[in-house]
Number of protein chains: 2
Amino acid sequence: METLRERKKQRTREALLRAALELFTTQGYEHTTVDEIAEAVDVSQRTFFRYFAGKEDAAFAVQAMTEEHFVAAVRARPAHEAPMEALRQAILQGWDAIRGTVETAVPIDLHLRMYRTIESTPALLAAHLRRSAATEETIARLLAEREGVDVDADPRPRLAVAVFGAVMRVTERQWCKGDDLSLGAVRQLTASYLDQVGSALTGNWRADRDH
Amino acid sequence: METLRERKKQRTREALLRAALELFTTQGYEHTTVDEIAEAVDVSQRTFFRYFAGKEDAAFAVQAMTEEHFVAAVRARPAHEAPMEALRQAILQGWDAIRGTVETAVPIDLHLRMYRTIESTPALLAAHLRRSAATEETIARLLAEREGVDVDADPRPRLAVAVFGAVMRVTERQWCKGDDLSLGAVRQLTASYLDQVGSALTGNWRADRDH
DNA sequence: GAGGTTAGTGTCAGCCTCTGACAATTGACA
DNA sequence: TGTCAATTGTCAGAGGCTGACACTAACCTC
């Protein structure tokens with residue numbers, strides 16, 4: 001943020017991002033045109049595409065930050081931790097750290113509402129799942145290196161990470177459907193669901209149906 | 001397939017589908033325009049959109065058949081089977097049944113090559129993951145009903161199905177990357193990876209690194 | 001501080017996906 | 001054979017996205 005130029009650029013980008021998220025969450029992603037976003041910030045449509053690769057890119061700009069944060073958190077876990085435990089700790093601590101990371105760019109409330117929009121917009125949900133898949137690949141390589149196994153010969157890193165990702169997806173989905181759209185709620189859901197994976201796989205659900 | 005009209009429609013649809021998949025797999029999905037597909041079958045662009053909701057819809061027309069087949073296979077499993085075992089049997093038997101199901105519409109080889117294209121095309125991969133998520137939701141409800149639990153109150157059905165789906169994704173990915181693009185190869189990979197989930201989750205990979 | 005350099009922006013033209021409207025064609029059926 | 005209905009083609013247009021080029025504003029040097 002040295003020169004006037006850079007500050008102006010930063011401001012334009014943030015204005016575009018905020019306008020985009022605001023429009024997406026209020027009137028829907030599909031019903032928001034790039035022209036509208038550009039007009040709300042009073043720049044040309046062409047300028048929008050100079051800051052974002054497309055509508056989708058704007059929709060996930062904040063998510064991208066939290067993903068990076070999560071990867072860094074996994075990398076920072078002590079080497080003696082078992083893989084799944086490292087992932088669990090990283091995600092739980094990640095939910096706490098989001099507030100600080102995100103709020104530099106966008107109101108935290110807007111970011112949380114955007115989750116709902118993503119979950120209920122087919123095109124965005126698809127993009128979200130693909131992004132998650134990419135992150136999982138990164139994490140799988142990271143864990144494989146940590147544990148000293150070959151990620152291409154041994155399927156266990158990818159399997160473990162995929163299972164973890166699957167639990168996270170179910171968590172997000174349930175969280176978005178509920179009323180309590182707070183960080184505390186998602187943190188609690190995350191821990192709860194991670195604890196139930198084992199029980200879910202053994203598959204004797206009929207024994208105790210009062211879950 | 002009674003009237004001449006219906007036969008013509010069927011032929012047009014199959015011609016469009018085959019032309020689309022052929023073009024997608026040879027010159028790439030993004031580099032194929034709808035105009036090209038329509039021209040290859042000698043119909044107007046508008047007609048293509050009367051048969052398919054979009055390029056993407058054409059790309060997944062065959063996958064949609066196999067997904068339905070899988071859901072039906074799960075529904076047909078005996079009630080005494082544990083959930084995960086039912087899924088395992090359904091998918092393994094599904095891989096065998098694909099040949100018959102698919103070949104009525106498209107050469108089996110073309111369908112298998114399409115998997116690779118999907119896996120290597122970001123837009124298609126995203127759509128594929130979303131479709132899988134939708135199928136998983138269907139299966140989760142099915143299993144919940146089978147086991148007599150409430151799918152919205154008890155997270156275990158969704159968790160189990162999500163984990164299963166995660167394993168399938170890793171399997172598909174590895175299969176597409178390899179050389180042997182046959183049904184036997186994917187069947188074997190599927191069984192192998194399903195067997196390794198437990199081992200992957202316990203997370204003591206360092207003990208035996210020779211997987 | 002004037003003048004040249006560079007970065008960011010606006011404008012314009014164009015491609016591609018997809019949709020609605022209307023007219024033309026073709027199969028179905030009495 | 002003539003009417004009816006379904007299928008198709010044509011046309012126009014919205015919306016996402018990109019390349020080219022000119023213009024403006026910030027930067028940097030003298």
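Below, chains carry the letters A, B, ... as their sequence lines are ordered, and counting in each starts from 1. Everything quoted here is computed from the prediction, not taken from an experiment.
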Completion exercise
Between CZ of A/Arg7 and C1' of C/dG8 the distance, given in whole Å, is 16 Å
Exercise for the section: For C/dA28, take OP1 and OP2 only and decide whether either is under 4.0 Å from a side-chain N or O of B/Thr3. Expected result: yes
Fill in the blank from the handout: In whole angstroms, the gap separating P of C/dT17 from CZ of B/Phe52 amounts to 15 Å
Handout entry: Donor + acceptor pair across side chains of B/Asp35, B/Thr33 (<3.5 Å)
Key = no
Exercise for the section: For B/Glu2 and D/dA6, give me the distance from atom CD to atom C1', rounded to whole Å. Expected result: 17 Å
Handout entry: Whole-Å distance separating the CZ atom of A/Phe48 from the P atom of D/dG15
Key = 15 Å
Problem - Rounded distance (Å) that lies between atom C1' of D/dT10 and atom CZ of B/Arg46 - result: 11 Å
Practice task
Hey, which sits more toward the 5' end of DNA chain D by its nearest nucleotide, A/Arg50 or A/Gln45?
Solution key: A/Gln45
Handout entry: Whole-Å gap separating P (D/dG15) and CZ (A/Phe49)
Key = 12 Å
Practice task
Would you indicate what A/Tyr51 reaches in the nucleic acid, counting non-hydrogen atoms under 4.0 angstrom: base, sugar-phosphate, or nothing?
Solution key: sugar-phosphate
Handout entry: Nearest-angstrom distance from the residue atom NZ of B/Lys8 to P of D/dG9
Key = 10 Å
Practice task
With DNA chain C as reference, determine whether B/Leu4 or A/Thr12 sits nearer its 5' end, using the nearest nucleotide of each.
Solution key: A/Thr12
Exercise for the section: For the side chain of A/Thr33, starting at C-beta, report the closest nucleotide among C/dC22, D/dG16, C/dT19. Expected result: D/dG16
Exercise for the section: With DNA chain D as reference, determine whether B/Arg5 or B/Val43 sits nearer its 5' end, using the nearest nucleotide of each. Expected result: B/Arg5
Practice task
Grab the NE2-P distance between A/His31 and D/dG15 for me, whole Å please.
Solution key: 11 Å
Exercise for the section: Could you check A/Glu6 against A/Gln10 for side-chain hydrogen bond (donor to acceptor under 3.5 Å, both in side chains), going step by step and ending with a plain yes or no? Expected result: CA-CA 6 Å; A/Glu6 288 175 40; A/Gln10 191 70 21; over 6 Å; no
Practice task
For C/dG8, take OP1 and OP2 only and decide whether either is under 4.0 Å from a side-chain N or O of A/Thr47.
Solution key: no
Exercise for the section: Take atom CD of A/Glu103 as the centre, draw a 6.0 Å sphere, and report whether it contains more than 12 heavy atoms from other residues, nucleotides or ligands. Expected result: yes
Practice task
Decide yes or no on side-chain hydrogen bond (donor to acceptor under 3.5 Å, both in side chains) for A/Ser192 and A/Gln196, but give the supporting numbers first.
Solution key: CA-CA 7 Å; A/Ser192 162; A/Gln196 292 186 64; 3.2 Å; yes
